[in-house]
Amino acid sequence: MAHILKPGVSFCHVAGRTVFLDLRADRYFCLSPDAERSFQRLAAAGPSAPEDAKILEGLEQQGLLRAGDAHAEPRACPDVAEARSSLLDAAPIPVRPIPILLAGIALLQAPLRLRLFGLHAAITRLQRQKARLQPARAEQERLAHTAAAFARLRTVITTHDQCLPRSIAVAERLFAAGVRADLVLAVKLQPFAAHAWVQWLDLVVNDRVDAVRDFSPILVV
């Protein structure tokens, strides 16, 4: 039987391991060595081992996999462009009060929505919002003004260790402005850490390049 990832599950390869994100369960995890080897053979569409069928059936029962097309093996999260610069290092630009107000509302709403509805609902909402976007004129200008509005609030609304809700808020306002940026959820190992930021092409919107370069994307929205 062929298997594919269950909706809401993504993975990436980090330091020789396969790390998974389950949006519905709001958790990152790795598999046991035997299960990881079976999954890696499945993802690589390579020859299977005798124990693979039973292990993959177990992963299906655990909610990681589901039956799928024989030619649709699970695919790791695609990478994003290597970050080369950050908007936080750009010179300040004038911002009108309304964009700052909308940015502030988004910053307050994002953690509340995460607590009430969970990560899966928040990501699904952003995916639908982004899917409706059409190519916009002056995208870079809109990007700069939206980012500047959030930068103005960094000293007013404290979001220490809140990279995920802040990045969700930034992505939401960029999508509303017609900017097709990427919300990046990423991980690293030894020790394990998760991080989130927003990126447009090779430009980091709401973080420093040094803060994101050691992380591997596990989900890009």
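Because the structure is a prediction, the values reported are computed rather than measured. Atom set for the values below is all heavy atoms of this structure, side chains included, hydrogens, waters and symmetry mates excluded.
In this structure, the side chains of Leu64 and Phe29 come closer than 4.5 Å at one or more pairs of heavy atoms. A heavy-atom distance below 4.5 Å is found between the side chains of Leu101 and Ile105. When side chains are defined from C-beta on, Leu126 counts as touching Leu183, because their heavy atoms get closer than 4.5 Å. For the pair Val187 and Cys12, the minimum side-chain heavy-atom distance is below 4.5 Å. Side-chain atoms of Cys77 and Phe11, non-hydrogen and from C-beta on, never get closer than 4.5 Å to each other.
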Would you check, one step at a time, whether the test salt bridge (Lys or Arg N to Asp or Glu O under 4.0 Å) holds for Glu172 with Arg125? CA-CA 9 Å; Glu172 179 183 277; Arg125 184 172 182 270; 2.5 Å; yes

Passes salt bridge (Lys or Arg N to Asp or Glu O under 4.0 Å), Glu36 versus Arg17? Steps please. CA-CA 8 Å; Glu36 184 171 7; Arg17 298 299 309 271; 2.7 Å; yes

Please determine whether salt bridge (Lys or Arg N to Asp or Glu O under 4.0 Å) holds for the pair Asp89 and Arg208, giving the CA-CA distance in whole Å, both sets of side-chain angles, and the decisive distance to 0.1 Å. CA-CA 8 Å; Asp89 297 324; Arg208 306 288 183 184; 2.3 Å; yes

Dump the intermediate steps for side chain to side chain donor-acceptor pair (under 3.5 Å) on Ser85 and Asp202, then the final yes or no. CA-CA 7 Å; Ser85 57; Asp202 61 356; 5.0 Å; no

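Put simply, CG on Asp214 and CG on Leu189 are 12.0 Å apart, with the number rounded to the nearest 0.5 Å. Annotation: the span from Leu59 atom CG to Ser32 atom OG amounts to 8.0 Å, rounded to 0.5 Å. Note: Ser216 OG to Asp79 CG = 7.0 Å, rounded to the nearest 0.5 Å. Within the model, atoms NE2 of His145 and CD1 of Ile100 stand 10.5 Å from one another, a figure rounded to the nearest 0.5 Å. To the nearest 0.5 Å, the span separating NZ on Lys6 from CG on Leu65 amounts to 10.5 Å. Expressed to the nearest 0.5 Å, how far CG of Leu203 lies from CD of Gln140 amounts to 7.5 Å.
A side-chain donor-acceptor contact under 3.5 Å links Arg142 to the backbone of Ala177. A donor-acceptor pair under 3.5 Å is formed between the side chain of Asp52 and the backbone N or O of Ala49. No donor-acceptor pair closer than 3.5 Å links the side chain of Gln199 to the backbone N or O of Val80. Using a distance-only test at 3.5 Å, with no hydrogens or angles considered, no donor-acceptor pair links the side chain of Ser86 to the main chain of Val209. A donor-acceptor pair is defined here as one N or O able to donate and one able to accept, closer than 3.5 Å; no such pair exists between the side chain of Asn206 and the backbone of Trp197. Of the possible polar contacts, one joining the Arg24 side chain to the Pro7 backbone as a donor-acceptor pair under 3.5 Å is found.
Residues Trp200 and Val221 fall within the same hydrophobic cluster, defined by Ile, Leu, Val, Met, Phe, Trp and Tyr side chains chained together at heavy-atom separations under 4.5 Å. Residues Leu164 and Val184 do not share a hydrophobic cluster, defined by chaining ILVMFWY side chains whose heavy atoms lie under 4.5 Å apart. Linking Ile, Leu, Val, Met, Phe, Trp and Tyr residues whenever their side-chain heavy atoms come within less than 4.5 Å places Leu23 and Leu114 in a single cluster. Hydrophobic clustering of Ile, Leu, Val, Met, Phe, Trp and Tyr side chains at less than 4.5 Å, counting indirect connections, unites Leu219 with Val14. Linking Ile, Leu, Val, Met, Phe, Trp and Tyr residues whenever their side-chain heavy atoms come within less than 4.5 Å leaves Val212 and Val19 in two separate clusters.
Scanning all heavy atoms of the two residues, the minimum distance from Gln129 to Ala176 falls at NE2-N, 3.5 Å. The two residues Ala106 and Ala169 come nearest to each other via the heavy atoms O-CB, 3.5 Å. Nearest approach of Arg180 to Glu139, heavy atoms of both residues: N-OE2, 2.8 Å. Nearest heavy-atom pair across Val205 and Leu87 is O-CB, 3.7 Å. Ser10 and Leu5 get closest at one heavy-atom pair: CA-CD1, 4.3 Å. Pairing each heavy atom of Lys130 with each of Asp182, the nearest pair is NZ-OD1, 2.6 Å.
Taking a 6.0 Å sphere around CD1 of Ile98, one finds it holds 12 or fewer heavy atoms contributed by other residues, nucleotides or ligands.
At least one test fails for Arg113 against the ring of Phe117: distance under 6.0 Å to the centre or angle within 45° of the axis.
The aromatic ring centroids of Phe20 and Tyr28 lie 6.0 Å or more from each other.
With sequence neighbours excluded, the residues forming a side-chain hydrogen bond (donor to acceptor under 3.5 Å, both in side chains) with His195 are Asp207, listed by chain and number.
Using a 3.5 Å distance cut-off with no hydrogens or angles, the side chains of Gln40 and Thr18 do pair a donor with an acceptor.
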